[in-house]
Every structure is written in C-alpha cells, then in structure tokens.
Amino acid sequence: VAVTVQGTVQGIGFRPFLYREAARGGLTGWVRNRTDGVELEVQGTPGAVEAFLDALHTRPPPAARITTFAVSHREPVAESHFVIAGSDAAGPARPSLPADLAPCPACRRELGDPADRRHGYPFTNCTYCGPRYSIVEGLPYDRPRTVMRAFPLCPACLAEYESPGDRRFHAQPVACPACGPALRYLDPHGRPLAAAAAALTRAVATVRDGGIVALKGVGGYQLLCDATSAEAVVRLRDRKQREAKPFAVMFPHPEPLAADAERGARAALDGYVSLGEAERALLTSPAAPIVLARKRTGPGARALAAHVAENNPYLGVMLPASPLHLLFMEALGGPAVCTSGNLAGEPLCTDDAEALARLAGIADGYLVHDRPIVRPVDDSVTRAVTGGPLLLRRARGYAPRPLELAEPVDGILAVGAQLKNTVALGIGHEAVMSQHLGDLDSVAAAELLAATVDDLLGFFNVAPRAVACDLHPDYVSTRYAEQLAKRLAVPLLRVQHHHAHAAAVMAEHGLAAALALAWDGTGHGDDGLPWGGEVLRCEGMQATRVAHLRPFPLPGGDAAARDPRRSALGLLFAHDPSLAARYAAAWYPRADAEALLALLASGKYAPRTTSVGRLFDAVAALLGLAAENRFEGEAAMALEFAAVDAGAVPAYALPLDGGANGCGRLDWGPLLGELLGDLAAHVSPARISARFHAALGAGALAAAQASGAGAVALAGGCFQNARLVEELTARFAQNGITVYRAVEVPPNDGGIALGQLLVAARRLAAGEGGTLRPIDELRAPGERHA
Ligand SMILES: [Zn+2]
Ligand SMILES: [Zn+2]
Ligand SMILES: [Zn+2]
C-alpha cells in the first residue's frame, strides 16, 4: 500500500518509528519526507500491513499530530528491505515541523550517567526531544537545512543516526562532545575565560556569587541570577530597566540527574508554589513553558527575594527546557530568575555579537556556544484556569505548531495588532502562528515583524493572496501591512480589533457563528472610538455589536493606559463631576488635576470608551491598588489578585439596559454607587474586588440571555484573569450556556492575528477584495482527507 501522512510528522522520530514497525512485521518498502508531510510504501502479508497501519494510527510517536492520512493500493514490486529514502524537496510546502522540545527522560538519564559518552553534554538530543524551530532554515526538515550542517557527525554519532533500532535514528540535531557544539564562558568584553565543563562551572559560580549571567538558550539569550538574593534581583531590575514586571523563576528538575544526588540539598519547586495536576502537566510537558502557580504561604513555605514578583500571589515557574539548562540548574541547586535577554521593550538577542553589544552593562558574564539560533523564540507563558491550560504567551515549545481550522484560510497573511504581536499565515485549512514577537514600539521590534513575515513566507514558500491587519491606522503592524499589500499587489483587509478577538476563539473551536464577549484594554472601534467591552454577534464575515459597556470618557486618551487614575476620573466625572474634582485634587498636583478636569469638562481629548480593561483600571485606582501601570495590565492584575482568596459575595448591580440604536448597554452607574459606598464603609479591597468580578459575571450573563445565546465565546485580554473566567464560566454553566475560551492561543492581543486570518478568509470567500478564485479551487481535488 502507499500511504501519505500530514500533520506534525517531521522532526519527531516519525520515519524511524515507521522503520521499526516495518521491521517488526517483516515489511519491505520505503519512506521519505516531503515538503508537505511523509510519504511511504510498504508491502508484505495482509495481516502485517494491517498491523503496521494500526500502529501508525493508534500509537505514533508522542509528539506526532496526524491531521491527514490517506492509503491507496499499489501493485507489488521487487524489493527486499524497508529503507528511508532521500527527501523530496519539490512540491508545495505544508506545515509539518514541530516546536523546540525539552529533554526527554532517556536523554536526561544519559546526561547523568558517568558511563555514557554524552554524560554532562549540554547539547544532547534525540528523535523525541531537542531544538527544532530555533535551528531549522527550510523544509523539509533534514540536517543540511538546519544550523547543524556545520557539525559533521563523528563515526559514533553517524552509526546512531543510521541505525534503525537507535533512539537517534535520523535525529537531525544529533551531536556529542566529539562532533557537536561546545560551551564557552566569556567576560563582559567577549574574552573567553573557560570552555566546556569549566565554562558551566564559571557561569554557575557567577550566579552563586550574586552576578548576572547571559545564557544562550534555545531561542535566544536569557538573563539568570540567584532568585533568593534580593541584591542580585534588584541589580537585574536596575540594569534591565524593568521596574516591576514579575520575573519568571527556573528550578532544578525534580528528578536529579545523578542517581546518587542528595535530594535534600535541592530547592524543590513544591516548597515555593503549590501545584495542581494541570500545572504539573504543563510544567513537565515537552513544551516546558513558564507556568503561573500560587506562591505557597504558611508553615514550611519557602520564599524567594521579594522583588522577583512583588505584591503578587503567583509566581511564574519553569523547569529546564534544554540539556544546558538542566546541567546549569543541577549545578546551581536552587532557583534562578530566568528572563529574556533584552532591554525592556526590545526583542530577544539571538546573535553572540549582538548580545555582547546590547547586554553590555547588564551581564557579568556570557555562557555561549557555537550552535547558531535561526530566529528568536521566547519562553511561553501559561496558567491553568478551571482545570485547563490557558496560554498567555505562545512561543517556545508551541510555535510554529499549526492550528487545524474548520475552514480554509489558504494564502492569507495576518499581521496582528500592536502589543504582544504575532503573525499568522494560512496554508490550506491550517494556521501557522509565529512565536510571540512582543510589543511593536521599538524599531528593533518593527524589524522583527518584517523579518518574521519574510521567514514564514519563505519557509512555507507562500506568496500571499491577501494581507489582513487591524483597523487601527497607527499600529506599526497596520502601516507595515499597507506597504506589504501594495508591494505584493494583493488586497488589504482591515479587521476590527474585537471582531478579531472573537474570531480567534471561534477559529480555535471551529465555530461558524458565536455570541462573543470581547473584553480587553482598548481597540479601534468601527466608530473610531476606543472599544473594549463588547458583546458581538459573529456570523459569517460579520460582527454585529449587540451590547457594550456604558461609555465613559478617558482624559488624554491613550495616556490613560499608563495611568489607571485617569480611567477612574473619567468614570467619576460621568457619574458626578464634583466627585471627580475631589479625587483629582487628592491624586495629582494642582496643575495636573486642573488640566485633567478641563479635558473632561471640554470633552476634547477625552474619547468615550467602552473598555472593560479601563474599568478594571478605574476600580484598581479607586481601591488604591495601583496608581500607575508600570507594565501592561498591572492595575487589572492587582485587582484580580486582591480577590484571590475571597469567597462568594453578592454582586454589585451592573444592569443591562437598552441603549441607543437597539444596542444593549451594561450600565456601571449602580455598580460605582455601591462600590463608593463600600469604600466609605471601609469594606476590604478583597471583598470589593470580588463583588466587582461577580458584577461582571452577572452582567455578562444578562447580555448573553438577552441575545438568546446557547453558547458564548470569551475573548480578549480581560480573560487572562482567572477569577473572571471562573466567575463567568460558573454562571453560564448554571444557566445552561456553553462557554468557549482561548486554550492554545492567547486570549490577549497575541491571538489577534489568528482572528484576522479567519475573518479575512470569510470576507475573501464572500467576494471581497476583487476577482479572486473561490477558495476551493485553490486546492487540488482529493488533497484533503478527514
Ligand atoms: Zn531525547
Ligand atoms: Zn558525535
Ligand atoms: Zn485587544
């Protein structure tokens, strides 16, 4: 029989697996990688062929994700073996490349085994683990198209690479101390101080002595310091110009590398955070992301330096994501702050010379190696909400794993929003999403956006037939998309921000239509105003606004994103101007207070917003929880955290009334009245915050019920808030309404590109954008199988 398989089937030991299965059944034939997947032919007894196909179906290698599987019969040919044939580089590229994967248990064992030839070797890997996306330059995924081509295999590695029974059979990044990459430790001027094991020892000593080490990780440089040393953590904050945003912390792997290691001497993760099953599963998954977990308190709890994540009941924790990290953390024996190697607001450094220049003055030493990084891939960030994962930042371990959609999005490129930018490329029914690129405020970030688009288009050999962007005219991504569409002479489709948020969740769950709550900071509305508390009925290519938060003025517009008190003043002003005057006088120097009140009174430079994110800011400011947003979402997070241990409380009133044009309006007036009453009565912030969250739950339910919806999609940055998600999910469940939320794509602006892709595809299919062939014609008949 002849078989073609598509999905994530390259770089995860798929061909070796097939070889072993064929050998088991005495089958002959061949297998080869193609740009769009894997193709093979086998012959043998009917029973053996059937067993082979069954194995392929029911127990493929762990990281494989088969999306397409087609079998056809062939006449028998004369052959005596099963062979792995050369790859076929012709033909259309299809996404079939996995993400970078953390060390598998077998590689971990070898690292700690003094008798193994890879004992202590920081670049060990096999078909089940190791670098992928960060080292590959083109498809199909074979060694000559990775940075590993610079490292010819030694005889021992070559034997493993060619031996079908070996775990490293056709493992493209295979390496050992004799033939593979090597470590070096450099001083801040780039002068080598030590090599190999000695380099690791020097770097660990630097961290132990309170220094900061720049470590060349999987997808870029990271900065590490002792997470238990207040002095080291404060120094890192100062040098990195990162005032308050929480740092992630890496812990040694829970299983020591050396069998005889003393467990007692190790700083166990469980001493610092309490982990549920979902958190544990995320931490130990091959993606090895950062996981937000509750800090432990009470007797027996161990604490890190306060400045790691201040005023925060959560800690971002991670386990070593590469053999180098495993060895480093094993030697350190305690927790280390592990943060992106960049200045705040800039992209990750990947190049050695660039790191030495850009991290000058930050790092006390550099732990580097000679395996190049093809593209920056930051650490992913996740949390578990109502038992399931919620991705907050999608990068290493996830990108560029394609998402299988229920409808075609072929040939469309979507460039995302301004903050937490990602881009998405449609190939057939699949969306390939780039890794998190970050905020586009810096020149370097804007360049990274362009480079990533070139990278994706080149990688999959796609000439886009349309470009999608946000409706906001001033986003860097919008301006880039305008130029790109012009250069390529293809249609540009502008997608409203909250429609895109909603469509991202619809794409992830295969929904044709949905009632969506799109709640976030702000996005450019159809009327040019800053939206952010929308209830949208999404059907086909349309989104109809059926309800929104009652608008309130934002003095200074965008400036309110950094100063939550401005949101509070706007809310108070709309409620009772004399209250706004009182708070302004208390919060600001007299001149500033007068200027802000003048903006509110004139209505100039005080656009009316419907943003739930700004409502969170306002309430946080009223409670005195945050006077500024030193990083995006700080005030909203403070408000979520205030209620973290609060039980059930009565909701403030957030009634739904009929606004203008038949559009419902969630009126925050009664909520604000009750909240000010609680404040005057010195009710605790925990209870006020809990009542506020409950009000949003009740308001959301009322809006959904008024629309007669049986299912609701939760979209937008507000749904990074676990309490809000849980509040809404519980209320909807009690009322028989199904909830869809973001799982593998961030609900924040990191998911915008996916939503843009879906909306653009639907609009193109409906005929927008000139004379285009129907999408179905772009696919060869029979190309796709369920
Ligand atoms: Zn492995
Ligand atoms: Zn070797
Ligand atoms: Zn948004």
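Quick note: residue numbers are just sequence positions, from 1. All ligand and atom numbering here is 1-based and tracks the order in the structure. Heavy-atom basis, side chains included; hydrogens, waters and symmetry copies ignored.
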Self-check item: Ion pair Glu744/Arg401, N-O distance below 4.0 Å
Solution: yes
Quiz prompt | Angular separation of SG (Cys104) and SG (Cys107) seen from the Zn ion (ligand 1), to 10° | solution = 110°
Self-check item: Degrees at the Zn ion (ligand 2) between the SG atom of Cys157 and the SG atom of Cys154, nearest 10°
Solution: 110°
Quiz item: Where the Zn ion (ligand 2) is the corner point, what angle links SG of Cys176 with SG of Cys179, to 10°?
Solution: 120°
Quiz item: Name of the Asp520 N, O or S atom nearest the Zn ion (ligand 3)?
Solution: OD2
Quiz item: For the atom pair CD (Gln756) and NE2 (His501), what is the distance rounded to the nearest 0.5 Å?
Solution: 10.0 Å
Practice problem: Taking the Zn ion (ligand 3) as the vertex, measure the angle between atom NE2 in His501 and atom NE2 in His497; round to 10°. | Solution: 100°
Self-check item: Name of whichever N/O/S atom of Asp749 is nearest to the Zn ion (ligand 3)
Solution: OD1
Quiz item: Judged by atom type as modelled, is there a donor-acceptor pair below 3.5 Å linking the side chain of Asn748 to the main-chain atoms of Leu392?
Solution: yes
Self-check item: Asp617/Arg562 ion pair, N-O < 4.0 Å
Solution: no
Practice problem: Examine all N, O or S atoms of His498, backbone included, and report whether one is under 2.8 Å from the Zn ion (ligand 3). | Solution: no
Quiz item: Looking at Glu534 and Arg545, does any basic side-chain N land under 4.0 Å from a carboxylate oxygen?
Solution: yes
Quiz item: Looking at Asp379 and Arg396, does any basic side-chain N land under 4.0 Å from a carboxylate oxygen?
Solution: yes
